[in-house]
Amino acid sequence: MKNILSSTASTKTSLEAIRNGEAGLTEKRKNMLARVPCSNDWATFEKDTISIKDIAYLSAATHHEFALLRGKTKDIIVHGVELHCYFDDELLGLLQAKKLRLIAHTHPDYGKIIASADDREFLKHINQKTSVIVSSITGIDYEYESNLFEDF
Amino acid sequence: MLTVKEAKKIGIRACIDAIGYEFCKKHADNGTSLYGDEDGIVYCYVGVSDEPAPECDISKVDRLVLTSVGEWPYYASCHVDRTDGRIEMLEVKKPN
């Protein structure tokens, strides 16, 4: 438990430093961001090379929402805007073809963590039961579901 | 010591009960739950709407959106302490 506490506190401190401009991203994450530098950019990466923590750090650095999608052979990072991530054209086509799963997306604001109606409808649209929201303030993962009574 | 999943089950149920079990059951098709382990304290949230659930046919949309904000009309949140299962309700907005 102590190690977990230290890890969480460490991540939060690190994210805060990046958010405040007091520290920079690692080279690996800088390279990720270089591939999706602007809002509404998206890029593919080798499968399983992008972690949930990575998009939390990208979100802290840019103050934008990010999403991580995963297919059979690739990971995709989507760079959103301040409080939204949009999926249309080719990305929407891949989702419609059931080629991608929503692994996680970031919530970059200081408010409480909730899964919005849009977040829920996204899962329903792609027939996925759960996904993760990661806070770019604390780095903590939260799992959300579209079914209230999954456990009951 | 509860597992995260055990604490989640306790907390989500507490949130559902706080809003109203029958109300949540009736509107289960337009609600969501969320949980996460915050250093041994599991945060749980339930949001539900009594509006008709939107149709979610991906073949009929030209865009999907993820959004960071937007409170549900009715919601509840709580903390569950994994060491003893103690529940601390945080917020509740239930139907009249």
Side-chain angles (χ1 to χ4, degrees), chain A residues 1 4-5 7-9 59 65-67 78 80 82-89 91-92 95-98 102 105-109 111-127 130-136 138 140-152, chain B residues 1 4-6 8-13 15-17 19 21 23-49 51 53-73 75 77 82-83 90-91:
Chain A
M1 183 63 77
I4 293 171
L5 287 172
S7 175
T8 301
S59 188
E65 188 164 321
F66 279 78
V78 182
E82 190 178 349
L83 296 173
H84 303 279
C85 236
Y86 298 107
F87 302 77
D88 47 23
D89 299 327
L91 264 185
L92 180 64
L95 289 164
Q96 287 170 327
K98 303 186 194 310
L102 177 66
H105 71 282
T106 66
H107 276 199
D109 59 288
K112 67 182 181 184
I113 295 289
I114 65 168
S116 66
D118 283 344
D119 293 347
R120 179 188 180 272
E121 286 167 33
F122 192 105
L123 290 188
K124 294 297 262 188
H125 274 100
I126 63 172
N127 288 320
T130 69
S131 187
V132 168
I133 294 170
V134 59
S135 168
S136 63
T138 64
I140 295 175
D141 294 356
Y142 297 83
E143 184 174 291
Y144 77 101
E145 301 178 55
S146 56
N147 180 359
L148 289 182
F149 290 88
E150 185 70 26
D151 292 324
F152 309 110
Chain B
M1 183 79 171
V4 174
K5 292 279 185 175
E6 287 169 336
K8 168 229 178 178
K9 194 170 177 179
I10 291 170
I12 298 299
R13 183 56 193 257
C15 289
I16 288 172
D17 288 345
I19 294 170
Y21 183 91
F23 181 88
C24 289
K25 195 76 176 172
K26 182 179 178 183
H27 301 291
D29 61 348
N30 198 359
T32 186
S33 62
L34 173 147
Y35 74 98
D37 186 19
E38 300 173 346
D39 291 340
I41 303 292
V42 176
Y43 169 78
C44 298
Y45 174 91
V46 166
V48 66
S49 172
E51 293 291 321
E55 181 185 12
C56 291
D57 183 345
I58 198 170
S59 68
K60 295 182 179 178
V61 299
D62 55 15
R63 168 179 273 190
L64 287 178
V65 183
L66 292 166
T67 300
S68 301
V69 294
E71 187 62 272
W72 289 80
Y75 55 86
S77 59
R82 289 177 58 200
T83 58
L90 300 172
E91 288 186 297

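Letters A, B, ... mirror the listed sequences (proteins, then strands); counts begin at 1. Excluded from the calculations below are hydrogen atoms, water molecules and symmetry mates; all remaining heavy atoms, backbone and side chain alike, are included. Remember, it's a predicted structure, so these values are computed and weren't measured experimentally.
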> What part of B:Ser59 gets closer than 4.5 Å to chain A, counting heavy atoms only: side chain, backbone, both or neither?
Replying inline: backbone

>> side-chain contact (heavy atoms from CB on, under 4.5 Å) for A:Tyr144 and A:Leu123? Distances and angles first, verdict last.
In response: CA-CA 10 Å; A:Tyr144 77 101; A:Leu123 290 188; 3.4 Å; yes

>> Counting heavy-atom pairs under 4.5 Å with chain B, which one of A:Lys124, A:Arg120, A:His84 comes out on top?
In response: A:Arg120

> Checking B:Glu55 against chain A: side chain, backbone, both or neither under 4.5 Å from a heavy atom?
Replying inline: backbone

> Between B:Gly36, B:Gly47, B:Cys24, B:Cys56, which has the largest tally of heavy atom pairs under 4.5 Å with chain A?
Replying inline: B:Cys56

>> Can you tell me if B:Asp57 has over 12 outside heavy atoms packed within less than 6.0 Å of its CG?
In response: yes

>> I'd like to know which of B:Pro54, B:Ala53, B:Cys15 tops the heavy-atom pair count under 4.5 Å against chain A.
In response: B:Pro54

>> So that I know where these two stand, are A:Tyr142 and B:Tyr45 an aromatic pair - ring centroids less than 6.0 Å apart?
In response: no

> Is there a side-chain contact (heavy atoms from CB on, under 4.5 Å) between B:Leu64 and A:Leu92 once you walk through the steps?
Replying inline: CA-CA 7 Å; B:Leu64 287 178; A:Leu92 180 64; 3.9 Å; yes

> Checking side-chain contact (heavy atoms from CB on, under 4.5 Å) for the pair B:Trp72/B:Asn30: CA distance, chi angles, key distance, verdict?
Replying inline: CA-CA 10 Å; B:Trp72 289 80; B:Asn30 198 359; 3.5 Å; yes

> Pick from B:Ile58, B:Val46, B:Asp29, B:Val42: which one has the most heavy-atom pairs with chain A under 4.5 Å?
Replying inline: B:Ile58

>> Between B:Val48 and chain A, with a heavy-atom cut-off of 4.5 Å, which part of the residue counts as in contact: side chain, backbone, both or neither?
In response: side chain

> What do the steps show when you test A:Lys98 against A:Asn127 for side-chain contact (heavy atoms from CB on, under 4.5 Å), and what is the final call?
Replying inline: CA-CA 9 Å; A:Lys98 303 186 194 310; A:Asn127 288 320; 3.6 Å; yes

> For A:Thr106, is it the side chain, the backbone, both, or neither that has a heavy atom closer than 4.5 Å to a heavy atom of chain B?
Replying inline: backbone

> So, do B:Leu66 and A:Ile133 sit near enough that their side-chain heavy atoms are less than 4.5 Å apart?
Replying inline: no

>> Given heavy-atom pairs under 4.5 angstrom as the criterion, report whether the side chain, backbone, both or neither of B:Lys5 touches chain A.
In response: side chain

>> For A:Leu91, which atoms come within 4.5 Å of any heavy atom of chain B: side chain, backbone, both, or neither?
In response: neither

> chain B heavy atoms under 4.5 Å from A:Ile114: which part of the residue, side chain, backbone, both or neither?
Replying inline: both

>> Quick check on the interface: out of A:Glu143, A:Glu121, A:Glu65, who has the most heavy-atom pairs with chain B under 4.5 Å?
In response: A:Glu143

> Is it the side chain or the backbone of A:Ala115 that comes within 4.5 Å of chain B heavy atoms, both, or neither?
Replying inline: both

> Under a 4.5 Å cut-off applied to non-hydrogen side-chain atoms, are B:Tyr75 and A:Lys112 in contact?
Replying inline: yes

> To the nearest 0.5 Å, what is the distance between CG (B:Leu34) and CD1 (B:Ile12)?
Replying inline: 7.5 Å

> A:Asp119 versus chain B, heavy atoms under 4.5 Å apart: side chain, backbone, both or neither?
Replying inline: both

